[in-house]
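These numbers were taken from a predicted model, which means no experiment stands behind them. Order of the sequence lines sets the chain letters (A, B, ...), proteins ahead of strands, with each chain counted from 1.
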There are 2 protein chains.
Amino acid sequence: MAMLSIGALAAQTGVKIPTIRYYESIGLLPEAPRTESNRRLYDGAVAKRLRFIRHARDLGFEVEAIRQLLAMADDPARSCHEADALAQAHLADIESKISRLEALRDEVRHMVACCGQGQVRTCHVIEVLADHAHCLHETH
Amino acid sequence: MAMLSIGALAAQTGVKIPTIRYYESIGLLPEAPRTESNRRLYDGAVAKRLRFIRHARDLGFEVEAIRQLLAMADDPARSCHEADALAQAHLADIESKISRLEALRDEVRHMVACCGQGQVRTCHVIEVLADHAHCLHETH
DNA sequence: CTTGATCCTCCAGTCACTGGAGAATTTACG
DNA sequence: CGTAAATTCTCCAGTGACTGGAGGATCAAG
């Protein structure tokens, strides 16, 4: 199993070098063994763990959630109830974000559509932002 | 026109007191006049400005964008081309956020749906996170 | 052998707040 | 009128999740 330098690991996973060191510092990655000259070395297992972290971050999981997921992944005999609950909570969060963003999009779309390219005096962008009453939705 | 204490302004706008002071410190709000005993006083115009800021933040505008919008709002004779461009850019941003979140939602939904409530060994939540190949989309 | 790439640690900065310490003042109640 | 609670003040440090620079060591290629 070939050992990777931090740069190679970064290239392989798409995670920046300082971010890898940061993950180590907060305990998401184990302390890497070092060469004689103090450089970090990584094996395939760490690369996999890092991809796990990266993917979960991309999906919007917070580091604390990832920490829990990793603890679960490290213990495959455990019930995955917790992982499921975590994902469920996350799903609810995503759905609420989507609907808030949709309301927001409609509003900004409305602002843009109404902008007559005139003066600020008649510009809806300013108007809508200055007065909540112009909103299409009451969701925020 | 009744003058408001910072607490009253906070209550009226839903913006926390330290946040109001923060906005003043970064120049989004003007330096408030003070009472003899050094307490800030606000009038209706500032309340309106703060609602403008708050609303724009809720809509996801960054402080720098808000700064520009405010500068425009402060000068109603100006063309609103800039405000429109800002809003257009923001709209594109919102739309991309929405589609990424939708992809993400489908994926997390899939993870949750596949969780057999068994052991981590066979848990899709863990599996999907560990291996990108399980993803429904290639958008991330 | 030298040059440039890579790595190390430490520290400071980012964004948009948020909150605590400690002191002063104002308001409400009895 | 006295006191206790609420409000405000400033200053400073912390949040999350990185990001980047300084200054120095080491490695790989020509």
Side-chain angles (χ1 to χ4, degrees), chain A residues 2-29 31-42 46 49-70 90 93 97 100 129 140, chain B residues 2-42 46-47 49-70 90 93 97 100 104 140:
Chain A
M3 294 298 260
L4 301 167
S5 70
I6 195 168
L9 180 66
Q12 207 183 78
T13 58
V15 179
K16 288 178 187 163
I17 292 174
T19 306
I20 295 172
R21 292 197 275 245
Y22 169 72
Y23 286 157
E24 180 181 315
S25 81
I26 62 167
L28 274 196
L29 289 178
E31 285 188 28
R34 305 292 182 109
T35 66
E36 269 181 34
S37 63
N38 201 35
R39 297 184 171 202
R40 290 173 180 83
L41 283 178
Y42 298 96
V46 175
R49 191 180 183 88
L50 185 51
R51 272 194 296 273
F52 182 115
I53 294 168
R54 212 228 138 158
H55 195 188
R57 286 290 302 133
D58 280 352
L59 288 174
F61 285 86
E62 288 178 8
V63 165
E64 272 321 297
I66 295 172
R67 204 186 291 280
Q68 292 170 50
L69 287 168
L70 280 168
H90 191 59
D93 188 54
K97 268 186 194 152
R100 277 182 295 130
L129 287 172
H140 65 269
Chain B
M3 294 297 260
L4 301 166
S5 69
I6 195 169
L9 180 66
Q12 209 183 78
T13 58
V15 178
K16 288 180 187 163
I17 291 174
T19 305
I20 295 173
R21 292 197 275 244
Y22 169 72
Y23 286 157
E24 180 181 315
S25 81
I26 62 169
L28 275 195
L29 290 178
E31 286 189 27
R34 307 291 183 112
T35 66
E36 268 181 36
S37 63
N38 202 35
R39 296 183 171 202
R40 290 172 179 84
L41 283 179
Y42 299 95
V46 176
R49 190 180 184 89
L50 185 51
R51 271 192 297 272
F52 181 115
I53 296 168
R54 211 226 140 160
H55 197 187
R57 287 289 303 133
D58 279 353
L59 288 174
F61 284 88
E62 289 178 6
V63 164
E64 273 322 296
I66 295 172
R67 203 187 290 282
Q68 292 170 47
L69 287 168
L70 281 168
H90 192 62
D93 188 55
K97 268 185 194 151
R100 276 182 295 129
L104 198 157
H140 64 270

Next item on the list: Give the intermediate values and the outcome of salt bridge (Lys or Arg N to Asp or Glu O under 4.0 Å) for residues A/Glu24 and A/Arg21.
Entry: CA-CA 5 Å; A/Glu24 180 181 315; A/Arg21 292 197 275 245; over 6 Å; no

Tell me which nucleotide among [options] gets nearest to the side chain of [X].
{"X": "A/Arg21", "options": "C/dC7, C/dA16, D/dA17", "value": "C/dC7"}
{"X": "A/Lys16", "options": "D/dT19, C/dT9, C/dT18", "value": "D/dT19"}
{"X": "A/Ile6", "options": "C/dC8, D/dT19, D/dT8", "value": "C/dC8"}
{"X": "A/Ser37", "options": "D/dT19, D/dT26, C/dC7", "value": "D/dT26"}
{"X": "B/Pro18", "options": "C/dT18, D/dA17, C/dC17", "value": "C/dT18"}

Checklist line | Identified side-chain contact (heavy atoms from CB on, under 4.5 Å) partner of A/Arg57 from the options A/Val15, A/Ile66, A/Thr19 | finding: A/Ile66

Does a side-chain N or O of [X] approach OP1 or OP2 of [N] to a distance below 4.0 Å, or not?
{"X": "B/Arg57", "N": "C/dC17", "result": "yes"}
{"X": "B/Arg39", "N": "D/dA6", "result": "no"}
{"X": "B/Ser5", "N": "D/dT8", "result": "yes"}
{"X": "B/Arg40", "N": "D/dT10", "result": "yes"}

Notebook entry, point to check: Between A/Tyr42 and B/Tyr22, which has a closest nucleotide on DNA chain C that is more 5'?
Noted result: A/Tyr42

Please state how far atom [atom1] in [X] lies from atom [atom2] in [N], giving the value in whole angstrom units.
{"X": "B/Asn38", "N": "C/dT26", "atom1": "CG", "atom2": "C1'", "result": "14 Å"}
{"X": "B/Glu24", "N": "D/dT8", "atom1": "CD", "atom2": "P", "result": "14 Å"}
{"X": "B/Leu41", "N": "D/dT7", "atom1": "CG", "atom2": "P", "result": "16 Å"}
{"X": "A/Leu29", "N": "D/dC18", "atom1": "CG", "atom2": "C1'", "result": "14 Å"}
{"X": "B/Glu64", "N": "C/dA16", "atom1": "CD", "atom2": "C1'", "result": "12 Å"}
{"X": "B/Ile20", "N": "D/dT7", "atom1": "CD1", "atom2": "P", "result": "14 Å"}
{"X": "B/Leu9", "N": "D/dT8", "atom1": "CG", "atom2": "P", "result": "10 Å"}
{"X": "B/Glu62", "N": "C/dT14", "atom1": "CD", "atom2": "P", "result": "14 Å"}

Next item on the list: Could you tell me whether the side chain of B/Arg49 and the main chain of B/Leu28 form a donor-acceptor pair under 3.5 Å?
Entry: yes

Check: How many angstroms lie between atom CZ of A/Arg54 and atom NZ of A/Lys16, to the nearest 0.5 angstrom?
Finding: 10.0 Å

Check: Base, sugar-phosphate alone, or nothing: which one does B/Ile26 contact when heavy atoms must sit under 4.0 Å apart?
Finding: nothing

Notebook entry, point to check: Is A/Arg39 close to A/Arg34 at the side-chain level, that is, under 4.5 Å between some pair of heavy atoms?
Noted result: no

Next item on the list: Map A/Tyr23 and A/Thr35 onto DNA chain D by nearest heavy atom, then report which one ends up closer to the 5' terminus.
Entry: A/Tyr23

